[in-house]
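Notes to accompany the following structure.
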Amino acid sequence: MRKIVLAAVGVAAMAAFGTPMALADSHEANVVKYRQMVMKAVGAHMGGLGALVKGETSVSDVPFNIQEQAAALNATAQLIDQAFAQDVGTKGGDTEAKAEIWQDWEGFVARAALLRERSQSLRDVAETGDEAAIKAAFAGVGKACGSCHNAFRKKKS
Amino acid sequence: MMLRFVPLLVFLALLSAPLAHAQDDAVERGRYLFAAGGCLGCHTAKGGALLAGGRALKTPFGTFFGPNITPDPQYGIGGWSDEDFLRALREGVSPEGDFYYPAFPYASFTGMTDADILALKAYIFSLTPVAEPSRDHELDFPYNIRVGLAPWRWRYFKEGPLEPDPAHDEAWNRGAYLVKALVHCGECHTPRDSFGGPETDLAYAGTTDGPEGAIVPNITPDPETGIGDWSAGDLDFFLSLGMLPDGDVTGDVMYEVIEHGTSKLTAADREAIAVFLQALPPIRHAVERKKP
(Lines give C-alpha, C1' and ligand atoms only; values in the text may rest on other atoms or scores of the structure.)
Protein backbone atom coordinates (compact mmCIF):
# COMPACT_ATOMS: atom_id res chain seq x y z
CA MET A 1 0.00 0.00 0.00
CA ARG A 2 2.79 2.35 1.00
CA LYS A 3 4.48 1.68 -2.36
CA ILE A 4 1.33 2.53 -4.24
CA VAL A 5 1.00 5.80 -2.36
CA LEU A 6 4.59 6.70 -3.17
CA ALA A 7 4.09 5.90 -6.82
CA ALA A 8 0.95 8.03 -6.89
CA VAL A 9 2.85 10.92 -5.31
CA GLY A 10 5.54 10.47 -7.93
CA VAL A 11 3.06 10.62 -10.77
CA ALA A 12 1.37 13.66 -9.24
CA ALA A 13 4.74 15.37 -8.88
CA MET A 14 5.57 14.68 -12.51
CA ALA A 15 2.25 16.09 -13.58
CA ALA A 16 2.71 19.17 -11.41
CA PHE A 17 6.27 19.99 -12.39
CA GLY A 18 5.85 19.08 -15.96
CA THR A 19 7.39 16.62 -18.32
CA PRO A 20 8.79 17.61 -21.70
CA MET A 21 5.40 16.83 -23.20
CA ALA A 22 3.66 19.18 -20.82
CA LEU A 23 6.25 21.90 -21.56
CA ALA A 24 5.51 21.73 -25.26
CA ASP A 25 1.96 22.79 -24.55
CA SER A 26 2.78 25.55 -22.08
CA HIS A 27 1.79 29.15 -22.69
CA GLU A 28 5.47 30.08 -23.11
CA ALA A 29 6.06 27.36 -25.67
CA ASN A 30 3.01 28.43 -27.65
CA VAL A 31 4.18 32.02 -27.72
CA VAL A 32 7.65 30.98 -28.87
CA LYS A 33 6.15 28.77 -31.53
CA TYR A 34 3.98 31.62 -32.77
CA ARG A 35 6.95 34.00 -32.90
CA GLN A 36 8.92 31.50 -34.90
CA MET A 37 6.07 30.94 -37.34
CA VAL A 38 5.69 34.68 -37.94
CA MET A 39 9.42 35.05 -38.60
CA LYS A 40 9.40 31.98 -40.86
CA ALA A 41 6.61 33.55 -42.87
CA VAL A 42 8.56 36.80 -43.19
CA GLY A 43 11.57 34.77 -44.35
CA ALA A 44 9.50 32.85 -46.88
CA HIS A 45 8.19 36.07 -48.41
CA MET A 46 11.75 37.37 -48.59
CA GLY A 47 12.99 34.13 -50.17
CA GLY A 48 10.33 34.41 -52.86
CA LEU A 49 11.25 37.98 -53.67
CA GLY A 50 14.94 37.13 -53.47
CA ALA A 51 14.73 34.89 -56.52
CA LEU A 52 14.01 38.03 -58.50
CA VAL A 53 16.68 40.25 -57.06
CA LYS A 54 19.47 37.76 -57.66
CA GLY A 55 19.12 38.62 -61.29
CA GLU A 56 18.18 35.14 -62.39
CA THR A 57 14.80 36.32 -63.53
CA SER A 58 13.83 39.64 -65.02
CA VAL A 59 10.89 41.57 -63.61
CA SER A 60 8.67 40.67 -66.55
CA ASP A 61 9.38 36.93 -66.11
CA VAL A 62 8.70 36.70 -62.40
CA PRO A 63 6.07 34.03 -61.88
CA PHE A 64 4.21 36.11 -59.30
CA ASN A 65 2.97 39.63 -58.76
CA ILE A 66 5.82 41.49 -57.04
CA GLN A 67 3.49 44.11 -55.69
CA GLU A 68 1.23 41.56 -54.00
CA GLN A 69 4.22 39.65 -52.74
CA ALA A 70 5.66 42.82 -51.20
CA ALA A 71 2.25 43.63 -49.71
CA ALA A 72 2.15 40.16 -48.12
CA LEU A 73 5.61 40.73 -46.66
CA ASN A 74 4.47 44.08 -45.32
CA ALA A 75 1.34 42.53 -43.79
CA THR A 76 3.34 39.76 -42.14
CA ALA A 77 5.78 42.32 -40.77
CA GLN A 78 2.82 43.93 -38.94
CA LEU A 79 2.64 40.81 -36.77
CA ILE A 80 6.15 41.05 -35.38
CA ASP A 81 5.34 43.53 -32.60
CA GLN A 82 2.44 41.55 -31.19
CA ALA A 83 4.28 38.25 -31.55
CA PHE A 84 7.10 39.50 -29.35
CA ALA A 85 5.03 41.77 -27.09
CA GLN A 86 4.00 38.95 -24.75
CA ASP A 87 6.10 38.86 -21.65
CA VAL A 88 7.54 35.42 -22.20
CA GLY A 89 11.00 36.53 -23.16
CA THR A 90 13.56 33.83 -23.70
CA LYS A 91 11.51 31.23 -21.81
CA GLY A 92 9.54 28.61 -23.64
CA GLY A 93 12.13 26.27 -25.02
CA ASP A 94 14.35 26.44 -28.02
CA THR A 95 14.45 30.12 -28.90
CA GLU A 96 17.04 32.21 -30.69
CA ALA A 97 15.54 35.43 -29.33
CA LYS A 98 17.98 37.49 -27.27
CA ALA A 99 16.96 39.01 -23.94
CA GLU A 100 17.93 42.38 -25.49
CA ILE A 101 14.57 42.43 -27.30
CA TRP A 102 12.75 43.12 -24.05
CA GLN A 103 15.57 45.12 -22.46
CA ASP A 104 15.49 47.47 -25.45
CA TRP A 105 11.86 47.15 -26.50
CA GLU A 106 11.79 50.63 -28.04
CA GLY A 107 14.78 49.76 -30.22
CA PHE A 108 13.24 46.46 -31.23
CA VAL A 109 9.90 48.03 -32.17
CA ALA A 110 11.73 50.74 -34.14
CA ARG A 111 13.50 48.11 -36.20
CA ALA A 112 10.28 46.23 -36.84
CA ALA A 113 8.79 49.55 -37.98
CA LEU A 114 11.72 49.98 -40.36
CA LEU A 115 10.89 46.63 -41.96
CA ARG A 116 7.28 47.73 -42.45
CA GLU A 117 8.40 51.03 -43.89
CA ARG A 118 10.84 49.47 -46.34
CA SER A 119 8.52 46.67 -47.42
CA GLN A 120 5.91 49.36 -48.06
CA SER A 121 8.31 51.29 -50.28
CA LEU A 122 9.17 48.07 -52.09
CA ARG A 123 5.48 47.60 -52.75
CA ASP A 124 5.22 51.16 -54.05
CA VAL A 125 8.29 50.82 -56.25
CA ALA A 126 7.01 47.50 -57.62
CA GLU A 127 4.14 49.45 -59.17
CA THR A 128 6.57 51.33 -61.41
CA GLY A 129 8.16 48.16 -62.81
CA ASP A 130 11.58 49.83 -62.64
CA GLU A 131 13.89 46.86 -62.22
CA ALA A 132 16.89 48.70 -60.75
CA ALA A 133 14.68 50.57 -58.26
CA ILE A 134 12.96 47.33 -57.24
CA LYS A 135 16.29 45.67 -56.62
CA ALA A 136 17.54 48.63 -54.58
CA ALA A 137 14.33 48.67 -52.53
CA PHE A 138 14.65 44.96 -51.90
CA ALA A 139 18.24 45.40 -50.73
CA GLY A 140 16.90 48.00 -48.28
CA VAL A 141 14.44 45.43 -46.91
CA GLY A 142 17.26 42.87 -46.63
CA LYS A 143 19.36 45.29 -44.63
CA ALA A 144 16.44 45.92 -42.27
CA CYS A 145 16.20 42.15 -41.65
CA GLY A 146 19.93 41.80 -41.16
CA SER A 147 20.48 44.68 -38.77
CA CYS A 148 17.62 43.60 -36.53
CA HIS A 149 18.73 39.96 -36.52
CA ASN A 150 22.27 41.00 -35.73
CA ALA A 151 21.07 42.95 -32.70
CA PHE A 152 18.34 40.68 -31.40
CA ARG A 153 18.88 37.11 -32.50
CA LYS A 154 21.45 34.56 -31.42
CA LYS A 155 21.52 32.23 -34.40
CA LYS A 156 22.04 28.69 -33.24
CA SER A 157 22.57 26.80 -36.45
CA MET B 1 61.44 90.56 -53.90
CA MET B 2 59.69 87.43 -52.72
CA LEU B 3 58.47 87.06 -56.24
CA ARG B 4 61.61 85.39 -57.40
CA PHE B 5 60.84 82.45 -55.10
CA VAL B 6 57.51 81.88 -56.73
CA PRO B 7 58.82 79.77 -59.60
CA LEU B 8 60.68 77.65 -57.09
CA LEU B 9 57.55 77.18 -54.99
CA VAL B 10 55.54 76.27 -58.05
CA PHE B 11 58.21 73.84 -59.05
CA LEU B 12 58.22 72.24 -55.58
CA ALA B 13 54.43 72.07 -55.55
CA LEU B 14 54.42 70.37 -58.91
CA LEU B 15 57.04 67.94 -57.72
CA SER B 16 55.20 66.95 -54.55
CA ALA B 17 51.71 66.80 -56.01
CA PRO B 18 52.09 63.41 -57.69
CA LEU B 19 53.66 62.04 -54.51
CA ALA B 20 50.80 63.26 -52.35
CA HIS B 21 48.42 61.92 -54.95
CA ALA B 22 50.05 58.50 -54.89
CA GLN B 23 49.77 58.49 -51.10
CA ASP B 24 46.06 59.38 -51.29
CA ASP B 25 45.59 56.55 -53.75
CA ALA B 26 47.29 54.14 -51.37
CA VAL B 27 45.04 55.30 -48.52
CA GLU B 28 41.93 54.80 -50.66
CA ARG B 29 43.08 51.37 -51.82
CA GLY B 30 43.98 50.60 -48.22
CA ARG B 31 40.46 51.48 -47.09
CA TYR B 32 39.11 48.83 -49.46
CA LEU B 33 41.69 46.26 -48.38
CA PHE B 34 40.96 47.06 -44.74
CA ALA B 35 37.27 46.26 -45.24
CA ALA B 36 38.03 43.09 -47.21
CA GLY B 37 40.58 41.97 -44.64
CA GLY B 38 38.10 42.35 -41.79
CA CYS B 39 40.69 44.08 -39.59
CA LEU B 40 38.00 45.96 -37.69
CA GLY B 41 36.35 42.80 -36.37
CA CYS B 42 39.16 41.52 -34.15
CA HIS B 43 40.90 44.83 -33.42
CA THR B 44 37.87 46.77 -32.17
CA ALA B 45 35.96 46.04 -28.97
CA LYS B 46 32.17 46.30 -29.01
CA GLY B 47 31.46 49.98 -28.48
CA GLY B 48 35.19 50.70 -28.27
CA ALA B 49 37.37 53.07 -30.29
CA LEU B 50 38.20 51.97 -33.85
CA LEU B 51 41.17 49.58 -33.91
CA ALA B 52 42.04 50.27 -30.26
CA GLY B 53 41.82 46.53 -29.60
CA GLY B 54 40.14 44.56 -26.86
CA ARG B 55 37.83 42.28 -28.80
CA ALA B 56 37.88 38.80 -27.27
CA LEU B 57 38.30 35.80 -29.54
CA LYS B 58 37.44 32.64 -27.63
CA THR B 59 39.19 29.55 -28.96
CA PRO B 60 39.89 26.03 -27.66
CA PHE B 61 43.37 27.30 -26.68
CA GLY B 62 42.22 30.24 -24.60
CA THR B 63 41.03 33.77 -25.20
CA PHE B 64 42.88 36.12 -27.53
CA PHE B 65 42.41 39.87 -27.37
CA GLY B 66 43.00 41.81 -30.57
CA PRO B 67 45.70 44.44 -29.84
CA ASN B 68 45.59 48.20 -30.46
CA ILE B 69 46.69 48.77 -34.07
CA THR B 70 45.90 52.48 -34.26
CA PRO B 71 48.87 54.68 -35.28
CA ASP B 72 49.51 55.64 -31.64
CA PRO B 73 53.31 55.49 -31.24
CA GLN B 74 53.22 54.12 -27.69
CA TYR B 75 50.22 51.78 -27.52
CA GLY B 76 49.56 51.17 -31.19
CA ILE B 77 51.74 50.60 -34.23
CA GLY B 78 52.58 54.26 -34.96
CA GLY B 79 56.29 53.57 -34.62
CA TRP B 80 56.32 50.76 -37.17
CA SER B 81 58.30 51.06 -40.39
CA ASP B 82 57.07 49.64 -43.69
CA GLU B 83 59.43 46.72 -43.14
CA ASP B 84 57.93 46.06 -39.68
CA PHE B 85 54.42 46.01 -41.12
CA LEU B 86 55.41 43.81 -44.06
CA ARG B 87 57.15 41.37 -41.74
CA ALA B 88 54.12 41.16 -39.43
CA LEU B 89 51.70 40.29 -42.22
CA ARG B 90 54.06 38.29 -44.42
CA GLU B 91 55.95 36.37 -41.74
CA GLY B 92 53.86 36.64 -38.59
CA VAL B 93 56.78 38.13 -36.66
CA SER B 94 56.60 41.29 -34.53
CA PRO B 95 59.12 44.16 -34.78
CA GLU B 96 60.67 42.74 -31.57
CA GLY B 97 61.13 39.40 -33.29
CA ASP B 98 58.36 37.52 -31.44
CA PHE B 99 56.14 35.03 -33.24
CA TYR B 100 52.50 35.98 -33.50
CA TYR B 101 49.84 33.47 -32.60
CA PRO B 102 48.01 32.23 -35.67
CA ALA B 103 44.83 33.77 -34.20
CA PHE B 104 46.24 36.73 -36.12
CA PRO B 105 45.63 35.29 -39.60
CA TYR B 106 49.09 35.99 -40.98
CA ALA B 107 49.12 32.47 -42.45
CA SER B 108 46.50 33.92 -44.85
CA PHE B 109 47.74 37.52 -45.10
CA THR B 110 51.15 36.18 -46.13
CA GLY B 111 49.59 35.65 -49.56
CA MET B 112 49.02 39.40 -50.08
CA THR B 113 51.21 41.46 -52.40
CA ASP B 114 53.71 43.95 -50.98
CA ALA B 115 51.76 46.78 -52.61
CA ASP B 116 48.51 45.72 -50.92
CA ILE B 117 50.15 45.29 -47.52
CA LEU B 118 51.68 48.77 -47.73
CA ALA B 119 48.42 50.35 -48.94
CA LEU B 120 46.73 48.78 -45.93
CA LYS B 121 49.39 50.33 -43.70
CA ALA B 122 48.88 53.73 -45.34
CA TYR B 123 45.16 53.56 -44.57
CA ILE B 124 45.62 52.42 -40.97
CA PHE B 125 48.16 55.20 -40.44
CA SER B 126 45.61 57.76 -41.70
CA LEU B 127 43.25 56.86 -38.82
CA THR B 128 43.05 58.44 -35.36
CA PRO B 129 45.65 57.21 -32.87
CA VAL B 130 44.23 55.94 -29.58
CA ALA B 131 46.40 55.84 -26.46
CA GLU B 132 44.97 52.70 -24.90
CA PRO B 133 47.09 49.73 -23.87
CA SER B 134 46.39 46.36 -25.48
CA ARG B 135 45.07 43.59 -23.29
CA ASP B 136 47.17 40.45 -22.73
CA HIS B 137 45.89 37.17 -24.15
CA GLU B 138 44.52 34.68 -21.62
CA LEU B 139 45.80 31.34 -22.82
CA ASP B 140 45.93 27.90 -21.28
CA PHE B 141 49.24 26.15 -20.65
CA PRO B 142 51.23 25.29 -22.76
CA TYR B 143 49.84 27.62 -25.44
CA ASN B 144 50.92 30.65 -23.44
CA ILE B 145 54.57 29.99 -24.37
CA ARG B 146 55.27 31.78 -27.64
CA VAL B 147 58.43 29.81 -28.44
CA GLY B 148 56.12 26.83 -28.74
CA LEU B 149 54.94 28.38 -32.00
CA ALA B 150 58.18 27.46 -33.79
CA PRO B 151 57.13 23.88 -34.58
CA TRP B 152 53.64 25.12 -35.51
CA ARG B 153 55.17 27.44 -38.07
CA TRP B 154 57.43 24.71 -39.39
CA ARG B 155 54.52 22.31 -39.78
CA TYR B 156 51.76 24.61 -41.07
CA PHE B 157 53.08 27.94 -42.27
CA LYS B 158 53.95 28.55 -45.92
CA GLU B 159 55.24 32.02 -46.60
CA GLY B 160 53.72 34.01 -49.49
CA PRO B 161 52.96 35.95 -51.52
CA LEU B 162 50.44 33.87 -53.40
CA GLU B 163 51.49 33.19 -56.99
CA PRO B 164 48.81 33.40 -59.69
CA ASP B 165 47.95 30.04 -61.24
CA PRO B 166 48.21 30.27 -65.04
CA ALA B 167 45.97 27.21 -65.40
CA HIS B 168 43.03 29.35 -64.27
CA ASP B 169 41.49 32.55 -65.57
CA GLU B 170 41.69 36.01 -64.05
CA ALA B 171 38.44 35.79 -62.09
CA TRP B 172 39.47 32.51 -60.44
CA ASN B 173 42.88 33.94 -59.56
CA ARG B 174 41.34 37.08 -58.11
CA GLY B 175 38.91 34.89 -56.16
CA ALA B 176 41.78 32.76 -54.89
CA TYR B 177 43.61 35.88 -53.72
CA LEU B 178 40.52 37.14 -51.91
CA VAL B 179 39.42 33.84 -50.36
CA LYS B 180 42.85 32.47 -49.43
CA ALA B 181 44.73 35.65 -48.53
CA LEU B 182 42.85 38.89 -48.01
CA VAL B 183 39.40 37.83 -46.78
CA HIS B 184 40.97 34.78 -45.08
CA CYS B 185 37.80 32.64 -45.32
CA GLY B 186 39.67 29.45 -44.44
CA GLU B 187 40.64 30.75 -41.00
CA CYS B 188 37.10 29.94 -39.84
CA HIS B 189 35.72 27.66 -42.56
CA THR B 190 38.56 25.13 -42.47
CA PRO B 191 38.53 22.95 -39.36
CA ARG B 192 41.62 22.93 -37.17
CA ASP B 193 43.41 19.92 -35.73
CA SER B 194 44.37 19.65 -32.06
CA PHE B 195 47.45 21.82 -32.65
CA GLY B 196 45.37 24.61 -34.19
CA GLY B 197 46.65 23.92 -37.69
CA PRO B 198 44.30 23.73 -40.67
CA GLU B 199 43.07 20.27 -41.66
CA THR B 200 43.88 20.76 -45.31
CA ASP B 201 41.98 17.71 -46.53
CA LEU B 202 38.85 19.38 -45.11
CA ALA B 203 39.66 22.82 -46.55
CA TYR B 204 36.56 25.05 -46.45
CA ALA B 205 34.42 22.11 -45.30
CA GLY B 206 33.27 23.78 -42.06
CA THR B 207 33.55 23.05 -38.36
CA THR B 208 31.53 22.98 -35.16
CA ASP B 209 34.45 24.60 -33.30
CA GLY B 210 34.31 28.05 -34.84
CA PRO B 211 35.10 31.30 -33.07
CA GLU B 212 32.81 31.96 -30.07
CA GLY B 213 31.60 28.37 -30.43
CA ALA B 214 29.97 29.18 -33.76
CA ILE B 215 28.89 26.50 -36.19
CA VAL B 216 30.82 27.35 -39.34
CA PRO B 217 29.25 25.89 -42.48
CA ASN B 218 30.82 23.89 -45.27
CA ILE B 219 31.37 26.26 -48.21
CA THR B 220 32.66 23.72 -50.71
CA PRO B 221 30.30 23.00 -53.62
CA ASP B 222 29.05 19.69 -52.22
CA PRO B 223 25.35 19.71 -53.13
CA GLU B 224 24.12 18.24 -49.84
CA THR B 225 26.45 19.35 -47.08
CA GLY B 226 27.99 22.39 -48.76
CA ILE B 227 26.78 25.17 -51.03
CA GLY B 228 26.68 23.17 -54.26
CA ASP B 229 23.04 24.11 -54.77
CA TRP B 230 23.76 27.86 -54.48
CA SER B 231 23.80 29.87 -57.67
CA ALA B 232 26.32 32.65 -58.28
CA GLY B 233 23.41 35.02 -57.60
CA ASP B 234 22.75 33.34 -54.24
CA LEU B 235 26.35 33.92 -53.23
CA ASP B 236 26.44 37.53 -54.34
CA PHE B 237 23.20 38.13 -52.53
CA PHE B 238 24.52 36.48 -49.40
CA LEU B 239 27.85 38.32 -49.43
CA SER B 240 26.16 41.69 -49.95
CA LEU B 241 23.15 41.37 -47.63
CA GLY B 242 23.69 38.38 -45.37
CA MET B 243 20.53 36.80 -46.70
CA LEU B 244 20.44 33.04 -47.26
CA PRO B 245 18.71 31.53 -50.30
CA ASP B 246 15.67 30.60 -48.19
CA GLY B 247 15.12 34.21 -47.07
CA ASP B 248 16.66 33.72 -43.62
CA VAL B 249 19.53 35.89 -42.39
CA THR B 250 22.98 34.77 -41.29
CA GLY B 251 24.10 35.44 -37.74
CA ASP B 252 26.88 36.63 -35.50
CA VAL B 253 30.42 36.56 -36.84
CA MET B 254 29.46 36.07 -40.50
CA TYR B 255 27.04 38.98 -40.30
CA GLU B 256 29.94 41.18 -39.19
CA VAL B 257 32.14 39.84 -41.98
CA ILE B 258 29.43 40.81 -44.46
CA GLU B 259 28.48 44.14 -42.88
CA HIS B 260 32.02 45.48 -42.59
CA GLY B 261 33.66 43.42 -45.32
CA THR B 262 32.14 41.59 -48.26
CA SER B 263 29.21 44.01 -48.68
CA LYS B 264 31.78 46.74 -49.34
CA LEU B 265 33.55 44.83 -52.09
CA THR B 266 32.93 45.52 -55.75
CA ALA B 267 30.41 43.24 -57.45
CA ALA B 268 33.29 41.92 -59.58
CA ASP B 269 35.23 40.89 -56.46
CA ARG B 270 32.19 39.16 -54.95
CA GLU B 271 31.73 37.33 -58.23
CA ALA B 272 35.41 36.30 -58.20
CA ILE B 273 34.89 34.84 -54.72
CA ALA B 274 31.92 32.87 -56.06
CA VAL B 275 33.94 31.63 -59.05
CA PHE B 276 36.73 30.39 -56.79
CA LEU B 277 34.43 28.75 -54.22
CA GLN B 278 32.37 27.02 -56.87
CA ALA B 279 35.55 25.59 -58.41
CA LEU B 280 36.72 24.06 -55.11
CA PRO B 281 36.67 20.27 -54.87
CA PRO B 282 33.33 19.40 -53.24
CA ILE B 283 33.82 17.80 -49.83
CA ARG B 284 31.06 15.83 -48.19
CA HIS B 285 31.20 17.01 -44.59
CA ALA B 286 28.06 17.68 -42.62
CA VAL B 287 28.48 20.34 -39.95
CA GLU B 288 25.67 20.18 -37.49
CA ARG B 289 24.76 21.81 -34.28
CA LYS B 290 26.16 19.95 -31.28
CA LYS B 291 23.67 18.33 -28.92
CA PRO B 292 23.47 20.50 -25.78
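Residue numbers begin at 1 in each chain, while the letters A, B, ... track the order of the sequences. All figures in this text were calculated on a predicted structure; none of them were measured in a lab. Values below: all heavy atoms of this structure, side chains included; hydrogens, waters and symmetry mates excluded.
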Nearest heavy-atom pair of A:K143 and B:Y255: which atoms, and what distance?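 Nearest heavy atoms, A:K143 then B:Y255: O-OH, 4.3 Å.
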
Might you point out which heavy atoms bring A:R153 and B:V249 nearest each other, and give the distance in Å? NH2-O, 2.6 Å

Would you give the length of the straight line joining atom NE2 of A:H149 to atom OG1 of B:T250, rounded to the nearest 0.5 angstrom?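 Here the interatomic distance stands at 11.0 Å.
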
Any chance [atom1] of [X] has more than 12 other-residue heavy atoms, nucleotides or ligands included, within less than 6.0 Å?
X	atom1	answer
B:E224	CD	no
B:D165	CG	yes
A:Q69	CD	yes

Give, as side chain, backbone, both or neither, the part of [X] having an atom under 4.5 angstrom from any heavy atom of chain A.
X	value
B:E259	side chain
B:D246	backbone
B:S263	neither
B:I258	neither

A:C145, A:A44, A:G43, A:G48: which one forms the most heavy-atom pairs within less than 4.5 Å of chain B? A:G43

Using a cut-off of under 4.5 Å for heavy-atom pairs, which of A:G146, A:G47, A:G142 has the most such pairs with chain B? A:G146

